[in-house]
Amino acid sequence: MELIGLANYAIFMGILIGIYALLALGLNIQWGLTGLFNAGIAGFFAVGAYASAIITSPHVAGRVGGFELPIVVGWMGAIVFAGLIAWPIGKVCLRFRSDYLAIATIGVAEIIRLVIKSEDWLTGSSRGITGIPRPFGELDYVASQLAYLGLVIAAVAVVYFLLERQLKSPWGRMMRAIRDNEAAAAAMGKQIEARRLQAFIFGAAVMGLAGALFVHFNRSITPEAIDPMIATFLIWIMLILGGSGNNRGAILGAIVIWLLWSVSEMITDRLPTDVALQAKYIRIFVVGLALQLVLRFRPEGILPEEQARQTAR
Amino acid sequence: MSALLSMQAVRGGYGDADILQGVSITVAPREIVVIVGPNGAGKSTAMKAVFGLLHVRGGQILFDGDDITGWAPNRIVKRGVCYVPQVDNVFREMTVHENFEMGAFLRKGDLDAAYDRVYGLFPDLRAKRKALAGDLSGGQRQMVAMGRALMLDPKLLLLDEPTAGLSPKYMEQIFTITRDVRDSGVSIMLVEQHAKQALAFCDRGYVLATGANRHEGTGAALLADREVAQMFLGG
Amino acid sequence: MKLKSTAALIGSIIGASLLAATPAHAQNVKIGLLSGITGPIAAMAPPMIAASQLAVAHVNEQGGIGKGGKLEVVVGDSACNPQNATDAATKAVNIDRAVGIVGPACSGAVLAAANSVAVPAGALLITASGTSPQITSINDKDLVFRTVPSDDYQGRALARTLKGRDITKVAVAFLNNDYGKGLAEAFKAEFESLGGTIAGYSGHEGSKASYRSDLAELAKGGADTLVIFDYGDGTGLTILRQALENNFFKTFIGADGMKSDAVIRELGADNLGTFFTSSPVGEASSSLESFNKAFTAAGQSPDAIFTTTSYDAAFLMALAIEKAGGDNAKLAESLRAVSSAPGEPIMAGEWAKAKKLIAEGKDIDYKGAAGDHEFDKNGDVPGTYAFFKVSGGTYESLGEMK
Amino acid sequence: MTFIDFINFHIVPGVVLGSIYAVGAIGITMVFGILRFAHLAHGDLATMGAFIALSTMGLFGASPWVGLPVAMIFAAAIAVGIDKTFYDYLRDRPKILTVMASLGVALMLRSVVQVVWGVDSTTYQRGIVRPDEYFGILLRDRELYTLLAVATIVIGLEAFLRKSKWGKAMRAMSDNPDLARLSGVDNRHVTMLTWAIVGALCAAAGFLLGLNNELNSMMGWHLLLPMFAAAILGGVGRVEGALLGGLIVGIAEELSVLILPGQYKAATAFVILLLILLVRPRGLLNGKVL
């Protein structure tokens, strides 16, 4: 292992952690702030990724797109489309307890995956979309990676500050009140539904942005990217571990879990091949177990929600 | 007369705040005691305190010689106290008879006598024994709820606003049955909104306000008390 | 574009300082071996890895790399998705300083690993199982190769073969992923251009419990032959079983994915009299034979999918490294040199011979277990295919496909 | 397409598949109704049950049906163990945390299956079985037995819930948990009993799916959505609703290819789920809405 390699890898990790941090922040709006159980993060991530890819990639026969619009337009598109997809789902499911939302979002992610895999004209189906531009992509490997890292950090910072401001606003206080007191929520009626829907859509939009950042980093996207193991479950564990309700917790969770996930892989990869194969599955077991342990021993996460809890009931 | 139930200066509430600020109520054997009072006076809360559904932070609750303060509800049930909540007091998706069976869940041995007793008290329900409780009228549902509680052969029955939402005809019927139940040897503690009617039929009554005792006495005496009348009987 | 130039500056400063700190190369050389160890093709990954490991073992047993160096392998899990693929490739290239990558599996993973890691970082990438036609079009600075032919070729070859066997009307069932769909589209185009009729054409998702209604729909067109582009140890097996059990269709044709031992094991050779598959084969059969022998001796089944191509990918990588003699910038160029005619033919397992010839400065031409590997300008190989039937509990070649 | 073909290739597989979904959906509806949360590890527990049956069969070298009771007992024990280890301490916290814990349990169960039994597809019985004809309807023995097994399970469970003391306690708990506690029903006993039954049902669903198909480590996860769709369609907490829902989802999936491209078959269950939430959230048989 050499220094340059480690540094390069650190940059790469930084980029991925940034993307996951965005997903975790998006989930924090939905779960941490509003108590909405979105189990289909991968779906919104995919919508964002494909939206930006279609908007910015060169023309290919038989598929919409070829707009070759600036990347910024792609990102805006990712945010808008992910939010648009969230709207009807939230409209139907937010009336019920969050269990239904969990099941429905698993289903939505599945349908989005099926559409992406099947519709040539829209997404290039299983072939995916290639030739997606990367900002600063024409620089050297290291310089280009560094520049992209800067971009990702900027995106995370912007989202973070927007969220923090929102959190401290009356809107944020109201959301927490709704989350913590179902009865009060019910009493306030329709308006609550609208607020929860807003939170669901905002969260989905942030996830869409993460998808866009991901797709421009990889310069290509195929349906396999919508793997729920990575793009949904890992995010949940990041948020729960980091501290749901706390934006810094969400980011910290992304850092810790991705480091663990990635470093543990380096260790398993060094085992003899037969054992290494088993170790891969054991790693997933450990992820599941980690979730249980956090829920049991530190349910508030590493960085608990800042606001003092209301009087215990 | 030794009391079956005796609450002494009970304080407590659901969360940190005390709703009950010192309530003292006694119920003698074979007695109907009514608790009345304005909204938010802590009537139902006082009843729930007896049944262990409350954090009691002060005072004492004695039942039939035991200090049951802080006991869990299922232990209190076994001791001979049954509670009929105001709402959701039947198993809606189970038949009338199954509701009674669930009432006797903790009892072992032959229950024929117990069934005969409840069907005797509620003859209307005998024909409806196979009907789902959720399909019955409000008054009948209240009877199912009382019957369910009586299946355990309790010494004390706690009824939380049994006549809420019922027509005057059913209200009368419930009161009549309540007397019959008392006559069969059960003490009854009753929370009521319809204060006038309740005080008229009970043995003794308590008037609570803001979580504390305000008046007590026989039903007739309370009805005659001018202050009580002004307070909430509408003159 | 101030930001851009600043970033470039910072990048180059850091890069330069880190480069300066880099110690001299050890004699051992590392390559990354990426495969879909977890994820949807997890069942296929172990034999593929074993085949690549066999090639590495051959290299190290017969003199290693350069002057006494060993070829080291870093196994990584690309999990059949781009996230894992880029992560594993970045680790291999940066942390382990692998000079090249064998793999990954699954075309999406190949696209991501190539586009965002191998090509920008200048590492050679040879995939043994990425069959999507999309890989052809990567803007790859001649760094991306594959030892497995594009699905395009196989689909077309299969269409011609069926036409040659007087099958003119077929129904096509394909797994809705890059593999199944790529094959199905190539097959359909060629078959129809030859005058054949596609009487039913339908994709399906994996892991559904019943495909009988799908089969009934496909059978409506009146075809006797069902072409299945799927995996024999996955959904393809279910479809074949349900088709056989319900007497949909008389003849069944699969591509290399269906040529799985699982099909014979689970359905029984007796039931597979009308089941045929195509599969890429090595045309220099002595190379294939020696691979088969060695791989069988290692306790593995050489019939498992993508094993020959996995062996060849690793072996070619080693040859390129040897030929480049430590100059990693020349890896791709060296790969083309050792794989293409003219030159002394090298068969699978003949590392010592190859090493000697390279040392003598002679030109060599690797003829792999999976084929000759004459890379075209896109780094693709045309591939040779044979048509197989089931006989005596195993697959028996009916001859090459044109 | 003739009518008999329609029956044989759409309705029959739909009914067989649907009755397997139903067995799983009954378990889901029981957890939903009695314990009041959506159990996301249901599918993976079914996978584990299916593989336990496989190992049992391997041990005795007998008919796969020998494996069924063994798998049901093991899965029941596993389900109770999971509850005690991972769900019990969350009982007084918001239910959604238990849902989340069940997601973690799903991952853990799956990885255990993958480590112990590997990731290759396998079957209980090799070879192919051609169907017998009954008045033009094509049925295999295993399909006939599957339907019989499902019928036995449903009738047995109904009898238990309607006639036995503890069955009634479970219904009471589902109907009105507070009142059930007031009646002296011990929450912990009902919870344990529920998990034992649900575990056994999971194993049965996994086994029957494996019997009619292949076994692999992801089989249960793919069952999850159709099972939930069936449970909600029938009405949460309704055993007979889950049966009806399962059949409808199974048949709908098999009919979907008539109007949709094959690759969208997997979406059928979800579309049904969303429609029912939109139009009639209490389900066909008026279940609960949590």
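The sequence lines fix the lettering, A, B, ..., with proteins before strands; numbering per chain opens at 1.
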note = Ranking A:Ser220, A:Ala225, A:Gly150 by heavy-atom pairs under 4.5 Å to chain C gives rank one to A:Ala225
request  = Specify which of C:Ala50, C:Ala114, C:Cys80 makes the most heavy-atom pairs with chain A at under 4.5 Å.
outcome  = C:Cys80
inquiry  = Report which part of C:Gln83 has an atom under 4.5 Å of a heavy atom belonging to chain A: side chain, backbone, both, or neither.
reply    = both
message = Going by ring pair (Phe, Tyr, Trp, His ring centres under 6.0 Å), name the residues that satisfy it together with C:Phe306, two or more places apart in sequence or in a different chain.
response = none
Region of A:Tyr20 that comes under 4.5 Å of a non-hydrogen atom in chain C = side chain
query = With a 4.5 angstrom heavy-atom cut-off, which part of C:Asn139 approaches chain A: side chain, backbone, both or neither?
reply = neither
remark   = Value for CZ (A:Arg127) from CG (C:Leu111), rounded to nearest 0.5 Å, stands at 11.5 Å
ask   = Does the side chain to side chain contact (heavy atoms under 4.5 Å, CB included) test come out yes or no for A:Arg134 and C:Ser116, once each step is laid out?
value = CA-CA 9 Å; A:Arg134 186 209 271 197; C:Ser116 87; 3.8 Å; yes
key: chain C interface, residue from A:Thr222, A:Thr130, A:Asn218 that has the most non-hydrogen pairs under 4.5 Å   = A:Asn218
key: Side chain / backbone / both / neither for C:Ala109 at chain A, heavy atoms under 4.5 Å   = backbone
Interface residues of residues 44-59 of chain A facing chain C - heavy atom cut-off under 4.5 Å = A:Phe45
inquiry  = Using 0.5 Å steps for rounding, measure from the OG atom of A:Ser126 to the CD atom of C:Gln134.
reply    = 9.0 Å
message = For chain C, which candidate among A:Pro223, A:Ala231, A:Ser262 shows the most heavy-atom pairs at distances under 4.5 Å?
response = A:Ser262
remark   = Taken to the nearest 0.5 Å, the spacing of A:Ile11 CD1 from C:Asn94 CG works out to 8.5 Å
inquiry  = So C:Asp178 and A:Glu224, do their side chains get closer than 4.5 Å, heavy atoms only?
reply    = yes
message = Between A:Leu6 and C:Ile95, does the side chain to side chain contact (heavy atoms under 4.5 Å, CB included) criterion hold? Intermediate values first, please.
response = CA-CA 5 Å; A:Leu6 280 179; C:Ile95 293 195; 4.0 Å; yes
query = chain A heavy atoms under 4.5 Å from C:Glu72: which part of the residue, side chain, backbone, both or neither?
reply = neither
request  = Flag the pair C:Asp87 / A:Tyr9 as yes when at least one side-chain heavy-atom distance between them is below 4.5 Å, and no otherwise.
outcome  = yes
ask   = Is the closest side-chain heavy-atom distance between C:Glu185 and A:Asp120 below 4.5 Å?
value = yes
query = Between CG of C:Asn115 and CD1 of A:Ile132, what distance do you get to the nearest 0.5 Å?
reply = 8.5 Å
inquiry  = Let's test your reading of the structure: which of C:Gly108, C:Ala113, C:Ala85, C:Gly203 forms the most heavy-atom pairs below 4.5 Å with chain A?
reply    = C:Gly108
request  = Please report the shortest heavy-atom distance between A:Lys117 and C:Lys181, naming the atom on each side.
outcome  = O-NZ, 4.3 Å
ask   = Looking at C:Thr86, C:Val73, C:Asn177, which has the largest count of heavy-atom pairs under 4.5 Å with chain A?
value = C:Thr86
